[in-house]
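Structure first, commentary second.
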Amino acid sequence: MSQVDSTVFVVDDDPSVCRALSRLIRSVGLNVKTFTSARKFLDSCPLEVPGCLVLDVRMPGMSGLEIQDWLDEAGIRIPIIFITGHGNIAMSVKAIKGGAIDFLEKPFDDQALVDGVHRAIALDTDARRDQAEVDEIRQRVQRLTPRELEVLSFVVTGMLNKQIGMTLGTSEKTIKVHRSRVMQKMRAGSLAELIRLADRAGVAHPKV
Amino acid sequence: MANTKLEIANAALRSEITERVLVEESLRLILESTRAIPWEADAKTWAFTYVGPQAVDLLGYPLERWLEPDFWPTVIHPDDRDEAIQFCIASSKTEMHYEFDYRMITRDDKVIWIHDIVHVVTTDGEPTALRGFMIDISDRKRAEEQARRLRDELAHVSRVTTMGEFAASLAHELNQPLCGIVSNAQAGERLLAAGDEDTQAIRDTLRDIVDDGKRAGEVIRRLRAMLKRTSFEPISLDIGEVIREVARLVMGDALAKGITLNLDLALDLPKVMGDRTQLQQVLVNLILNGIEAMGGETDGSREILIGTARHRGDAVTIAVRDTGLGFEEKNVDRIFDAFFTTKPEGMGMGLSINRSIIEAHGGRIWATLNPHGGATVHFTVPILKEVSP
């Protein structure tokens with residue numbers, strides 16, 4: 001996923017600032033969409049598209065920090081750069097603690113914004129790739145039968161087939177068969193790889 | 001026998017004359033010893049026919065000069081002359097008694113303030129004579145002038161301190177256009193560096209830079225107007241426009257505190273007579289109070305509403321309403337007193353300065369509690385009256 005597919009979303013109640021930032025971001029070859037209110041931004045459901053947010057902190061209605069909280073609660077992880085016409089330390093600390101990439105005071109140097117946007121898009125691209133990988137691994141887990149899932153959760157703790165058989169009340173041989181199918185379905189080449197995949201998929205520890 | 005009757009009658013007459021002379025003497029003593037200087041004048045020529053001797057000390061002219069024709073208009077201060085004369089002409093036609101103030105110039109060119117009390121004497125419905133008293137009120141006028149100067153100075157000090165509390169708004173308001181200017185210019189540089197042939201984009205960028213520069217200039221101009229030391233100068237104002245300018249000024253600060261500022265301005269309000277800076281000062285102060293009153297709340301809507309309406313045909317009412325803590329009912333009249341405050345760090349001057357400004361405009365200011373929480377401060381400003389010929 002290249003940066004070319006990403007979009008920078010700018011939310012600032014001042015139309016002049018929106019126009020200026022739109023020109024700036026387009027001049028470095030990125031897509032940009034501007035909104036003059038939080039409401040307009042959220043209503044446009046832009047979050048299917050990879051990208052990042054450039055948010056003004058103070059706006060009538062929902063402020064930039066409130067958008068950050070809203071996205072956080074909705075479980076949406078899009079990187080944010082804050083810009084402000086008048087900020088204080090408390091505001092910037094809250095923004096950074098909330099996960100913002102950067103906090104710039106107006107008027108800011110164009111390079112600072114462009115650098116921040118590049119960083120943010122790279123982060124977002126990586127995050128989406130990671131998420132896609134995890135989703136794919138989870139799909140593999142979905143294909144396991146309940147019994148196979150159980151066996152998987154014991155295998156990754158390092159227990160021997162014999163021990164697993166005793167715990168689950170079946171023969172070592174049956175366990176071996178399950179184990180083989182698990183390795184196949186999970187497309188794991190080794191125990192170590194299986195453990196890593198199970199970890200990434202968030203497979204729960206066995207109930208003993 | 002006839003002689004005795006004559007003598008008795010003569011004696012009675014002499015006694016009466018003596019008594020009258022005595023009464024006349026005491027009346028004259030009273031008239032000619034008080035600070036109220038008696039006078040009488042011809043209603044047509046306005047020449048004095050009698051003036052009390054105190055008049056000599058008043059202006060420094062001998063009594064004979066007072067009785068010359070056209071004396072009175074020549075000793076009136078030139079700036080007051082036309083108005084005083086017009087007032088007399090008009091009043092003598094319609095009133096029996098009237099009083100007015102004007103300035104006179106003494107023989108050694110000093111200015112004094114006179115309060116003139118006039119009674120019109122008519123014969124057959126026509127004014128034939130004017131009688132009255134002149135009183136020197138220079139001391140009182142000087143004291144009033146001093147009080148007005150002090151009030152204007154106090155308003156100025158209060159205005160400057162208040163504007164300091166709006167640093168957040170001003171920084172925000174200036175940084176917006178500055179951001180536009182810098183970002184646009186840097187975008188323009190990049191466009192040129194990219195060798196783009198599209199000059200329209202660059203022209204648009206430059207246009208936006210100019211507009212933003214002007215916008216920043218406006219903010220500075222408004223700030224300077226608020227900070228200027230001025231004396232009370234009423235002019236014809238559109239109150240809606242005055243309020244909108246204040247709203248732009250304080251919007252940033254209100255936003256920073258999560259407070260919405262709304263305007264509900266009546267259409268087609270007549271123009272008012274007011275001092276722009278001082279009225280804006282009152283509005284800024286009331287809005288600041290409202291913002292502070294809502295400081296502690298986290299739930300419910302936090303809104304300041306400014307509304308205007310016609311008031312009884314001769315004034316406009318402006319109301320600033322908040323949804324804050326309100327004030328205690330028992331304090332409703334005290335809140336405008338100087339130094340009254342319920343805030344621990346408050347000085348209690350804001351509302352009393354507001355009251356003095358509004359009263360100088362000839363208006364009223366009062367406060368009410370809102371039924372659903374918070375308080376509203378109302379004040380009136382008289383509308384511009386057409387000057388009648």
Side-chain angles (χ1 to χ4, degrees), chain A residues 8 10 12-30 32 34 36-39 54-67 69 81-92 94 103-117, chain B residues 166-196 198 200-216 219 247-248 250-263 301-304:
Chain A
V8 179
V10 174
D12 191 312
D13 65 307
D14 189 320
S16 168
V17 170
C18 280
R19 278 199 301 279
L21 293 187
S22 179
R23 286 190 187 115
L24 188 59
I25 293 167
R26 267 186 282 129
S27 77
V28 297
L30 289 170
V32 58
T34 66
T36 50
S37 78
R39 182 73 356 235
V54 175
L55 287 184
D56 187 10
V57 173
R58 279 207 293 190
M59 295 183 281
M62 213 175 169
S63 76
L65 291 174
E66 283 170 331
I67 297 179
D69 287 341
I81 297 165
F82 281 105
I83 56 177
T84 180
H86 175 80
N88 51 45
I89 293 179
M91 203 190 266
S92 64
K94 181 175 190 301
F103 190 93
L104 300 171
E105 283 210 29
K106 294 172 181 169
F108 41 77
D109 182 64
D110 58 343
Q111 201 57 51
L113 182 69
V114 167
D115 287 347
V117 163
Chain B
F166 275 104
S169 262
L170 295 168
H172 182 264
E173 281 226 28
L174 283 174
N175 279 329
Q176 293 287 72
L178 281 176
C179 177
I181 290 169
V182 172
S183 293
N184 268 316
Q186 291 180 320
E189 283 181 320
R190 287 174 183 262
L191 283 173
L192 285 173
D196 205 323
D198 177 13
Q200 185 56 44
I202 296 185
R203 248 181 270 133
D204 289 342
T205 304
L206 290 174
R207 166 112 316 268
D208 272 356
I209 290 175
V210 169
D211 287 346
D212 277 337
K214 289 184 181 169
R215 194 155 56 118
V219 174
R248 275 197 293 274
V250 310
M251 187 71 75
D253 249 70
L255 283 182
K257 297 182 172 107
I259 292 166
T260 322
L261 186 66
N262 284 324
L263 303 182
S301 76
R302 294 178 338 138
E303 182 202 31
I304 292 185

Report which part of [X] has an atom under 4.5 Å of a heavy atom belonging to chain B: side chain, backbone, both, or neither.
X: A:Val57; result: neither
X: A:Glu66; result: neither
X: A:Asp109; result: both

By the salt bridge (Lys or Arg N to Asp or Glu O under 4.0 Å) test, which pairs, at least two apart or in different chains, include something from residues 15-24 of chain A? A:Arg19-B:Asp208, A:Arg23-B:Asp208
Of B:Thr205, B:Leu178, B:Thr260, B:Ile181, the largest count of non-hydrogen pairs under 4.5 angstrom with chain A goes to B:Thr205
Report the C-alpha distance between A:Asp14 and B:Arg215 in whole Å, list the side-chain angles of each, state the deciding distance to 0.1 Å, and finish with yes or no for side chain to side chain contact (heavy atoms under 4.5 Å, CB included). CA-CA 12 Å; A:Asp14 189 320; B:Arg215 194 155 56 118; 3.0 Å; yes
Distance in Å, B:Gln176 CD paired with A:Ile83 CD1, rounded so as to fall on 0.5 Å steps: 8.0 Å
B:Leu191 side, atom CG; A:Arg26 side, atom CZ - distance, nearest 0.5 Å: 8.5 Å
On a heavy-atom basis, the closest approach of A:Ala20 and B:Ser183 is CB-CB, 3.8 Å
Shortest non-hydrogen pair, B:Cys179 vs A:Val17, comes out as SG-CG1, 4.3 Å
Salt bridge (charged side-chain N to carboxylate O under 4.0 Å, His left out) against A:Asp110, all qualifying residues, sequence neighbours excluded: B:Arg190
Is it the backbone or the side chain of B:Asp204 that comes under 4.5 Å from a heavy atom of chain A, or both, or neither? both
